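In this text, all values refer to a predicted model and were calculated from it rather than measured experimentally. To find a chain, count down the sequence lines: A is the first, B the second, and so on, and within it residues start at 1. Values below: every heavy atom of this structure, side chains too, minus hydrogens, waters and symmetry copies.
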2 protein chains.
Amino acid sequence: MVVKDQRGVRERKRVETRARIADSAARLAGERGIAETTIDDIAAAAGIGRATFFRYFDSKELAIATGLSDVGAHVLADVIRAMPDGLGPLEAIRAAYAHLGESFDQLRPMFLEQAQLSRSSSVLFAWTLHLYVDWETAVAEAIAPRFADLAADDPRPRMAGALTMAAARLACDVWVADGGRGDLPALTQKYLSSVHLTPGAS
Amino acid sequence: MVVKDQRGVRERKRVETRARIADSAARLAGERGIAETTIDDIAAAAGIGRATFFRYFDSKELAIATGLSDVGAHVLADVIRAMPDGLGPLEAIRAAYAHLGESFDQLRPMFLEQAQLSRSSSVLFAWTLHLYVDWETAVAEAIAPRFADLAADDPRPRMAGALTMAAARLACDVWVADGGRGDLPALTQKYLSSVHLTPGAS
DNA sequence: GGACAAGATGATACTGAGTCTCATATTTCT
DNA sequence: AGAAATATGAGACTCAGTATCATCTTGTCC
């Protein structure tokens with residue numbers, strides 16, 4: 001063999017397979033619509049059996065939603081982590097959005113398509129909201145170190161994560177309603193700026 | 001006939017039927033579990049046919065989630081509206097929670113059961129999150145009049161609604177994880193107090 | 001008050017999601 | 001290499017969700 005990856009072939013294969021399923025699901029749903037995309041189609045496109053699909057995702061919609069949002073989801077948490085140490089929690093989040101906004105114009109068509117698709121069916125939208133909770137947690141963990149005086153059960157990191165995702169969702173709603181013409185990053189900043197954290201809250 | 005209600009018999013019947021379906025769904029799901037409750041069961045319990053069920057709810061989980069949360073959902077918006085005019089937006093929300101907290105001890109067992117049930121299945125949790133968005137909107141509309149300088153596209157009411165529901169959800173998570181022993185209203189206040197609105201944000 | 005339009009309901013049939021079981025194949029450990 | 005553990009695929013099965021059509025109830029117009 002060439003290189004023995006971190007922890008066995010199984011782990012790596014699972015990650016790859018999961019990504020391949022999510023990508024196939026999102027691509028097919030984008031091409032022909034959600035209702036017209038069956039799990040058999042997705043499984044075939046991903047080169048796996050139907051039963052195997054359900055070992056990776058609980059539902060069709062979750063697979064699609066994952067495929068739609070893996071682009072730019074946990075990415076956000078990583079970008080937040082990469083911001084300068086001097087920045088406070090919300091400052092880091094705003095800076096991260098500003099940073100992501102720089103490359104937004106190239107991603108605009110894809111972003112719009114994905115945002116429209118995730119809002120086109122209430123089932124899919126429900127699962128998208130479910131994913132947002134995961135990102136909330138990821139954001140909360142990413143910014144936690146930036147709180148100087150952090151108690152174990154401090155509500156601020158989780159609330160900061162929640163309002164980060166709420167700002168993203170609400171801004172996206174407005175942006176999609178406008179046909180995707182406006183400036184999404186700026187809109188998100190606007191929503192985000194309308195709230196801030198209480199300094200010494202316990 | 002005795003009294004001719006507002007706008008016809010049809011309207012009233014629809015509202016009643018919808019409530020009866022949601023109640024039956026939540027009750028059966030609570031008694032025997034979500035997976036063990038079929039739509040045929042719910043329809044039979046509500047005294048309607050299977051096809052009629054889908055004329056009122058898009059999915060089984062949505063019916064259950066609606067039945068679980070119609071108690072205390074839009075109620076919140078009404079309570080907020082009933083708060084004294086002098087209070088600002090977040091003050092009104094905090095006061096509303098304080099008011100609701102007074103009768104919490106009687107509702108505690110029911111609340112816990114419903115919170116646990118809605119978290120017991122990821123499908124149901126996803127639909128519950130979907131309902132939260134409706135409440136966000138309801139809360140946003142309820143507090144909008146309390147903003148003195150409100151622009152048409154002001155992000156603050158929606159963000160206030162979002163963080164209100166986020167606080168409720170996150171506090172409830174902690175409360176359920178603790179087995180429902182703690183003081184949920186106080187916990188919610190704590191989460192809510194960790195953020196506030198930026199005064200003059202546009 | 002009766003006839004007609006509009007909407008609500010129920011029965012039935014059909015597709016596809018999601019679950020389960022078992023036989024087979026692949027990876028890991030010794 | 002061989003055994004144990006785990007991943008996969010195939011097939012059968014239940015039930016969610018959709019669509020159609022006939023029947024019944026409500027609202028309206030004369």
Side-chain angles (χ1 to χ4, degrees), chain A residues 1-22 24-25 28-29 32-66 120-127 130, chain B residues 1-22 24-25 28-29 32-66 120-127 130:
Chain A
M1 68 188 73
V2 196
V3 183
K4 179 67 170 288
D5 239 331
Q6 297 264 56
R7 199 61 189 168
V9 178
R10 267 191 185 151
E11 183 80 13
R12 185 166 45 79
K13 268 182 140 182
R14 272 197 78 83
V15 173
E16 286 172 3
T17 302
R18 190 182 154 88
R20 209 167 58 247
I21 296 172
S24 303
L28 288 175
R32 59 173 89 159
I34 302 167
E36 289 72 30
T37 303
T38 70
I39 289 188
D40 281 306
D41 295 338
I42 299 171
I48 57 164
R50 175 188 154 73
T52 302
F53 174 92
F54 286 103
R55 292 193 180 95
Y56 285 87
F57 291 98
D58 285 343
S59 79
K60 180 176 79 165
E61 280 79 12
L62 183 55
I64 298 174
T66 302
S120 67
S121 134
S122 49
V123 189
L124 185 53
F125 188 55
W127 280 108
H130 194 273
Chain B
M1 68 186 72
V2 196
V3 184
K4 178 67 172 287
D5 238 332
Q6 298 263 58
R7 199 62 188 168
V9 180
R10 272 197 181 146
E11 182 79 14
R12 185 166 44 80
K13 268 182 140 183
R14 271 197 77 84
V15 173
E16 285 173 1
T17 302
R18 191 181 154 87
R20 208 167 59 248
I21 296 172
S24 303
L28 288 176
R32 59 173 88 157
I34 302 166
E36 289 71 31
T37 304
T38 71
I39 290 186
D40 281 306
D41 295 337
I42 298 171
I48 57 164
R50 174 188 156 73
T52 302
F53 174 92
F54 287 103
R55 292 194 180 94
Y56 285 87
F57 291 99
D58 284 344
S59 81
K60 179 175 79 166
E61 280 78 11
L62 184 55
I64 298 174
T66 301
S120 67
S121 134
S122 49
V123 190
L124 185 53
F125 189 55
W127 280 108
H130 194 273

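Put simply, B:K13 has no side-chain N or O that comes within less than 4.0 Å of OP1 or OP2 on C:dA8.
Each of B:W127 and A:R14 has a nearest nucleotide on DNA chain D; the 5'-most of these lies closest to A:R14. Where B:G47 and A:T37 each meet DNA chain C at their nearest nucleotide, the meeting point lying more 5' is that of B:G47.
The two residues B:E36 and B:R32 come nearest to each other via the heavy atoms OE1-O, 3.1 Å. A:T37 approaches A:G33 most closely through the heavy-atom pair OG1-O, 2.7 Å.
Under the 4.5 Å side-chain criterion, counting only non-hydrogen atoms from C-beta, A:S59 is not in contact with A:F54. Proximity of B:I34 to B:K60: side-chain heavy atoms (C-beta onward) are separated by under 4.5 Å at one or more points. Counting only heavy atoms from C-beta outward, the side chains of A:D58 and B:V123 never approach each other to under 4.5 Å.
Looking at residues 49-58 of chain A, you'll see A:G49, A:A51, A:T52, A:R55, A:Y56 sit with a heavy atom under 4.0 Å from some atom of DNA chain D.
Separating the CD1 atom of A:I48 from the P atom of C:dA25 is a distance of 19 Å, rounded to the nearest angstrom. The CD-C1' distance, from B:E16 to C:dA8, rounds to 15 Å in whole Å. Atom P of nucleotide D:dT18 and atom CD of A:E36 are separated by 12 Å, given to the nearest angstrom.
A donor-acceptor contact under 3.5 Å is not formed by the side chain of A:R10 with the base of C:dT28.
Looking at B:R18, B:R14, B:R12 one by one, the single match for side-chain contact (heavy atoms from CB on, under 4.5 Å) with B:E16 turns out to be B:R12.
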